[in-house]
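Just below is one structure, and these are the notes that go with it.
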Amino acid sequence: MKVRLVSVGKDRSGLYEPAVQEYASRLAHYTRFELVELPEAGGKKGRTAEGSARASEAEALLARRKPQDLLVALDERGKLLDSVEFSRYVGKARDGAKDLLLVIGGDEGLDERVRQSADLVLSLSKMTLPHRLARVVLVEQLYRAFTLLKGEPYHK
């Protein structure tokens, strides 16, 4: 099984990247994990119109999907799962010989095409999280899911 996290934008603050890398290295014991950072549409300066930026980012995100991928789109309006439910979803994907493609949109959120194309639209919280923090939470929950599936003591 391969897990890819495709995210629009980079962590320019430096606050979140060390945590993402820590959990990514832990995930290597369970699965092939790849973090792909796509540029924000329109760049940092000269941003395009909101809808246009989302549409452009949607094309880039959806272009990463392969036939064997289950697409999980992160969106605050998505389904709330607890850690055990999320681990079951990961386990079903693994047992079904599917890869996971998890996508986090840019500052303007996800285009409707991405949400409609997703096998699961997932919310990490009812609260709004910075995209870079959501990335940390998601990678940690992936690690937690694999430890649950292996019956290891990380999840208490």
Side-chain angles (χ1 to χ4, degrees), residues 1-44 47 53-76 78-81 83 85-111 113-115 117-125 127-150 152 154-155:
M1 172 182 213
K2 184 171 186 175
V3 178
R4 287 178 298 140
L5 172 55
V6 180
S7 179
V8 175
K10 293 186 178 216
D11 176 17
R12 290 179 185 79
S13 72
L15 292 173
Y16 306 110
E17 189 61 23
V20 170
Q21 292 307 317
E22 172 63 26
Y23 286 111
S25 70
R26 291 181 187 192
L27 271 171
H29 298 289
Y30 305 98
T31 191
R32 292 175 292 149
F33 177 76
E34 179 184 9
L35 174 64
V36 178
E37 294 177 328
L38 300 177
E40 296 170 293
K44 198 173 175 185
R47 286 195 74 80
R54 275 198 313 255
S56 178
E57 290 167 357
E59 288 178 30
L61 290 167
L62 292 172
R64 298 290 178 148
R65 189 175 195 181
K66 297 177 182 172
Q68 72 274 17
D69 288 341
L70 288 178
L71 176 60
V72 178
L74 268 70
D75 186 280
E76 71 261 7
K79 186 173 185 177
L80 288 167
L81 299 178
S83 296
E85 291 168 327
F86 184 61
S87 73
R88 287 185 191 127
Y89 186 84
V90 171
K92 280 184 179 180
R94 180 197 61 193
D95 296 346
K98 295 288 188 180
D99 292 334
L100 287 178
L101 175 63
L102 303 117
V103 299
I104 300 175
D107 293 339
E108 305 299 339
L110 287 173
D111 187 81
R113 287 182 299 152
V114 177
R115 286 192 294 273
S117 298
D119 297 290
L120 172 65
V121 179
L122 178 68
S123 174
L124 297 176
S125 171
M127 295 181 177
T128 302
L129 300 176
H131 287 80
R132 304 328 171 249
L133 179 57
R135 191 186 305 184
V136 173
V137 172
L138 181 58
V139 177
E140 187 278 336
Q141 287 298 304
L142 282 165
Y143 173 69
R144 183 176 299 274
F146 280 100
T147 63
L148 279 164
L149 291 169
K150 289 280 191 176
E152 295 177 352
Y154 177 76
H155 179 74

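Remember, predicted model here, so these are calculated numbers, not experimental data. If you read the sequence from its start, that first residue is 1, and numbering goes on from there.
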Distance from [X] atom [atom1] to [Y] atom [atom2], nearest 0.5 Å?
X: L61; Y: L71; atom1: CG; atom2: CG; answer: 8.5 Å
X: L38; Y: I104; atom1: CG; atom2: CD1; answer: 11.5 Å
X: L122; Y: F86; atom1: CG; atom2: CZ; answer: 6.0 Å
X: L110; Y: L74; atom1: CG; atom2: CG; answer: 8.0 Å
X: L100; Y: K2; atom1: CG; atom2: NZ; answer: 12.5 Å

| request: Identify whether the distance between the nearest side-chain nitrogen and carboxylate oxygen of E40 and R12 falls below 4.0 Å. | output: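 So E40 pairs with R12 through a salt bridge.
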
| query | Does R135 pair with E37 as a salt bridge, N-O distance under 4.0 Å? | reply |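 A salt bridge is present here (some side-chain N lies under 4.0 Å from a carboxylate O).
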
| field | Within-4.5 Å side-chain heavy-atom neighbours: L120 and L70 | value |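 Contact flag for L120/L70 side chains = no.
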
| Residues in side chain to side chain contact (heavy atoms under 4.5 Å, CB included) with L15, at least two apart? |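 Testing L15 for side chain to side chain contact (heavy atoms under 4.5 Å, CB included), a comparison that skips the adjacent residues, returns S13.
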
Ignoring hydrogens and angles, write down the donor-acceptor pairs under 3.5 Å from the side chains of residues 136-148, residues two or more places apart or on other chains.
unit_1: E140; atom_1: OE2; unit_2: R144; atom_2: NE; d: 3.2
unit_1: E140; atom_1: OE2; unit_2: R144; atom_2: NH2; d: 2.8
unit_1: E140; atom_1: OE2; unit_2: Y154; atom_2: OH; d: 2.7
unit_1: Q141; atom_1: OE1; unit_2: S83; atom_2: OG; d: 2.6
unit_1: R144; atom_1: NH1; unit_2: H155; atom_2: ND1; d: 3.1
unit_1: T147; atom_1: OG1; unit_2: R144; atom_2: O; d: 2.8

| request: Determine which pairs satisfy salt bridge (Lys or Arg N to Asp or Glu O under 4.0 Å) with at least one residue from residues 59-76, sequence neighbours left out, and list them in order. | output: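 For residues 59-76: R4-D69, R65-D119, D75-R77, D75-R115.
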
| Donor-acceptor under 3.5 Å (T31 side chain, F33 main chain) |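 Answer holds: no.
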
| Are any side-chain N or O atoms of E57 and backbone N or O atoms of A41, one a donor and one an acceptor, separated by less than 3.5 Å? |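 Between the backbone of A41 and the side chain of E57 there is a qualifying donor-acceptor contact (under 3.5 Å).
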
